[in-house]
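For reference, the structure is listed below as structure tokens.
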Amino acid sequence: MGGVSSCCGPRRKNNYEPLLLENEREAVADLLQYLENRSTTNFFSGSPLAALTTLSFSDNVDLQRSAALAFAEITEKEVREVGRDTLDPVLYLLTSHDHEVQRAASAALGNLAVNAENKLLIVSLGGLEPLIRQMLSSNVEVQCNAVGCITNLATHDENKTQIAKSGALIPLTRLAKSKDMRVQRNATGALLNMTHSDENRQQLVAAGAIPVLVSLLNSPDTDVQYYCTTALSNIAVDGTNRKRLAASEPKLVQSLVQLMDSQSLKVQCQAALALRNLASDEKYQLEIVKFDGLKPLLRLLHSSYLPLILSAAACVRNVSIHPANESPIIDSGFLQPLIELLSFDENEEVQCHAISTLRNLAASSERNKGAIVEAGAVERIKELVLTVPLAVQSEMTACVAVLALSDDLKPQLLEMGICEVLIPLTNSSSVEVQGNSAAALGNLSSKAAEDYAPFNAVWNKPDGGLHAYLVRFLSSADITFQHIAVWTIVQLLEAEDDQLTNNIRSSPILMSSIRQLAASPPPSRAGRGINEVSQGSEGEEDYEDDGLDGEGEGEIATLARRILDLTEDGARDINDGSHFSTHHQGENSTSGVAGSLGSEHAALRASVHRALSGGH
């Protein structure tokens with residue numbers, strides 16, 4: 001946040017009343033001497049502080065003015081941690097009824113509040129109450145400095161709750177609409193500082209801050225624009241607040257889209273981040289496209305400034321969640337810049353946003369899948385996937401799994417040699433990457449092509465090849481991995497490729513594992529076959545599984561017996577047309593086909609089987 005605006009005017013000449021107390025006369029004389037040598041004088045202790053304290057507690061308003069102005073000038077040049085002996089006279093000066101004393105004292109307190117320890121001490125000594133009174137002053141200069149001090153105090157987390165409970169939010173919200181730009185700037189900065197916790201955000205919303213912040217997006221001042229945009233971005237983190245914004249602020253998206261073309265880079269960045277948070281909800285995902293938000297987002301993706309690239313990539317990712325936005329994003333020219341960002345190795349988060357967006361764009365349309373492959377995404381993934389960070393690997397393998405759902409693209413993907421990078425990743429240190437890579441291989445194996453030579457070519461290599469991967473998964477302690485493996489073998493055998501069938505049949509360790517799984521007892525009740533689907537609430541076909549601990553084990557045994565039928569008793573048609581696939585991810589989701597797995601096997605089972613789909 002930028003600096004707090006100061007409204008402390010020039011020091012005025014003092015005309016002391018004729019009669020001064022003796023200690024006041026001495027304090028005046030001492031202060032004048034100290035000010036003559038101010039460059040070498042420590043005003044925060046000893047005799048200099050004693051002189052200032054005497055004048056501060058005087059009943060003579062002119063002496064109070066001198067003390068307040070001296071404190072303002074001293075703290076303007078030097079800020080350090082101070083004790084109660086320094087703060088008490090300044091806080092006393094805040095209680096004065098004289099506007100000049102108030103103005104200078106609040107300026108001094110605002111300067112001292114730059115120091116972290118001072119922030120806490122000021123609040124603990126009761127500094128909020130006189131500052132709130134000054135915010136209600138009719139004097140703009142007093143308002144300005146009081147709000148500026150509150151702004152500084154609100155940068156400390158321990159002060160935020162006390163500020164919110166002190167009654168300061170309503171006058172801050174009112175002063176955000178001040179005609180004086182300095183007051184407006186300080187007030188919106190203070191409101192921004194109060195948006196960093198859920199509790200404070202709710203209190204801010206209750207104080208009526210939302211319509212004020214939205215209206216000030218059109219301010220001519222870039223600092224005010226920045227503070228309001230950032231505050232709204234923070235407020236939009238909460239789903240309840242997004243619903244409130246949707247119901248009460250119909251022009252919010254248009255204003256934020258316009259601000260992405262601001263002359264200020266920081267305003268552009270925060271506008272994109274605000275839209276990113278809003279785009280956690282379907283309504284805003286559609287509105288951003290409706291109100292021409294894609295054009296400025298595309299321009300920001302081409303920026304050389306990392307924060308702009310990151311904010312735009314995050315926003316586009318969330319916008320791409322909605323199926324209706326997939327084609328508009330592709331048609332607006334996003335594919336090439338997104339593919340280029342896959343190589344953006346200076347920031348892992350940018351890479352994750354880019355590949356996750358590509359995966360989302362591929363989710364619902366054969367046309368879009370083809371456009372993504374044609375644009376070179378798979379070649380770039382193959383080039384990078386073995387060396388990028390694990391989080392990016394997870395997103396990349398998830399994207400390949402989605403693209404591999406397309407029967408038309410499978411031969412092309414296999415010809416590109418994608419299996420050569422997927423197979424090593426099935427032995428990744430990340431369970432999530434393992435699951436995504438295996439799902440991609442499973443999707444490729446289903447009705448891949450008339451020619452299954454690409455699978456024979458990788459049977460034993462690289463890294464032990466398809467054979468070693470299937471052996472590992474069949475013997476895995478996690479039955480979800482067992483399920484993927486037996487399902488994949490069924491798809492490979494269904495192709496009736498003699499060499500592939502022979503490769504499977506002639507592997508003792510593979511067939512031994514299959515026989516063990518086939519010998520498992522059947523479930524207590526008839527289980528749903530892996531090829532069966534149920535209709536979701538929106539008509540989507542989703543694999544439905546009550547957990548693989550019961551029925552799932554029966555399904556594995558059933559598939560294993562099918563494999564034995566095909567390898568030992570001759571083939572029978574078991575084509576079920578199933579695929580492993582992904583679904584659109586939410587705002588903060590970074591998981592792929594296998595979801596947010598970590599070491600949680602239960603999460604792996606739930607996510608992989610939620611992602612098992614019967615087509616499009």
Side-chain angles (χ1 to χ4, degrees), residues 1-5 151 173 176-196 209-237 241-242 245-246 249-280 284-319 328-329 332-334 337 341 347 349-350 353:
M1 202 184 85
V4 170
S5 299
T151 302
T173 300
K177 298 181 289 185
S178 171
K179 295 180 180 179
D180 186 283
M181 189 57 66
R182 299 166 301 170
V183 175
Q184 191 178 106
R185 192 180 295 124
N186 286 351
T188 52
L191 294 176
L192 165 59
N193 288 343
M194 295 300 297
T195 62
H196 295 114
I210 282 181
V212 175
L213 292 169
V214 173
S215 68
L216 290 174
L217 292 177
N218 298 318
S219 168
D221 184 82
T222 55
D223 284 334
V224 171
Q225 289 178 348
Y226 172 75
Y227 299 149
C228 293
T229 304
T230 310
L232 287 166
S233 179
N234 292 342
I235 288 171
V237 167
N241 289 340
R242 291 195 296 273
L245 286 165
E249 304 298 334
K251 295 184 178 180
L252 176 58
V253 169
Q254 293 103 304
S255 296
L256 291 171
V257 167
Q258 290 173 3
L259 287 177
M260 285 195 290
D261 288 321
S262 167
Q263 296 299 310
S264 167
L265 293 180
K266 66 180 183 180
V267 172
Q268 292 179 37
C269 184
Q270 288 302 322
L273 288 174
L275 289 169
R276 184 274 306 269
N277 287 343
L278 290 172
S280 298
Y284 284 114
Q285 292 163 7
L286 293 170
E287 279 197 8
I288 290 169
V289 175
K290 176 182 177 182
F291 294 115
D292 298 323
L294 293 181
K295 183 176 179 181
L297 284 171
L298 182 60
R299 180 182 59 77
L300 296 186
L301 279 185
H302 286 288
S303 171
S304 59
Y305 182 49
L306 176 58
L308 283 181
I309 300 170
L310 184 56
S311 61
C315 185
V316 174
R317 175 182 181 173
N318 279 3
V319 173
I329 291 173
S332 296
F334 277 82
L341 289 178
N347 189 280
E349 195 174 353
V350 169
H353 288 319

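FYI, the numbering just counts along the sequence from 1. Just so we're clear, the structure is a prediction, and the values are computed from it rather than from any experiment.
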Minimum side-chain heavy-atom gap Gln270-Leu273 below 4.5 Å: yes
Pairing residues for Ala314 by the side chain to side chain contact (heavy atoms under 4.5 Å, CB included) criterion, not counting sequence neighbours: Arg276, His353
Side chain to side chain contact (heavy atoms under 4.5 Å, CB included) partners of Ser255, counting only residues at least two apart: Leu217, Asn218
Those residues that, when tested against Ser262, pass side chain to side chain contact (heavy atoms under 4.5 Å, CB included) (two or more places apart): Gln225, Ser264, Val267, Gln268
Counterpart residues, side chain to side chain contact (heavy atoms under 4.5 Å, CB included), relative to Pro211 (two or more places apart): Glu249
Nearest-0.5 Å distance that lies between atom OG1 in Thr188 and atom CE in Met181: 9.0 Å
Check: Asn318 and Ile288 side chains under 4.5 Å, non-hydrogen atoms: no
Pairwise distance SG(Cys228) to CG(Asp223) - rounded to 0.5 angstrom: 10.5 Å
Check: Arg185 side chain, Val224 main-chain N or O, donor-acceptor pair, under 3.5 Å: no
Set of side chain to side chain donor-acceptor pair (under 3.5 Å) partners for Asn347, sequence neighbours left out: none
Side-chain touch Leu310/Glu349, heavy atoms, less than 4.5 angstrom: yes
Distance-minimising heavy-atom pair for Thr173 and Ala209: CG2-CA, 3.9 Å
Salt bridge (Lys or Arg N to Asp or Glu O under 4.0 Å) partners for Asp292, two or more places apart: none
Nearest-0.5 Å distance that lies between atom CG in Leu259 and atom OH in Tyr226: 13.5 Å
Sidechain-backbone polar pair: Tyr284 side chain, Ala246 backbone, donor-acceptor under 3.5 Å: yes
Listed pairs under 3.5 Å, donor-acceptor, residues 302-309 side chains, sequence neighbours left out:
{"residue": "Ser303", "atom": "OG", "partner": "Tyr305", "partner atom": "N", "Å": "2.9"}

Partners meeting side chain to side chain donor-acceptor pair (under 3.5 Å) with Glu287 (sequence neighbours left out): Lys283
Distance, nearest 0.5 Å, that separates CG of Leu278 from CG of Leu245: 6.5 Å
Gln184 to Ser219 - nearest heavy-atom pair and separation: OE1-OG, 3.6 Å
Working for side-chain contact (heavy atoms from CB on, under 4.5 Å), residues Leu191 and Tyr227: CA-CA 8 Å; Leu191 294 176; Tyr227 299 149; over 6 Å; no
Minimum heavy-atom distance Pro296-Met260, with the two atoms named: CG-CE, 3.6 Å
Salt bridge (charged side-chain N to carboxylate O under 4.0 Å, His left out) evaluation trace for Arg182 with Asp221: CA-CA 10 Å; Arg182 299 166 301 170; Asp221 184 82; over 6 Å; no
Over all atoms of both residues, closest heavy-atom pair of Leu297 and Ala312: O-CB, 3.8 Å
Set of residues satisfying side chain to side chain donor-acceptor pair (under 3.5 Å) with respect to Ser233, sequence neighbours excluded: Asn277
Exercise: identify the closest heavy-atom pair between Ala231 and Leu192: N-CD1, 3.6 Å
Closest contact, heavy atoms only, Leu256 versus Ala271: O-CB, 3.5 Å
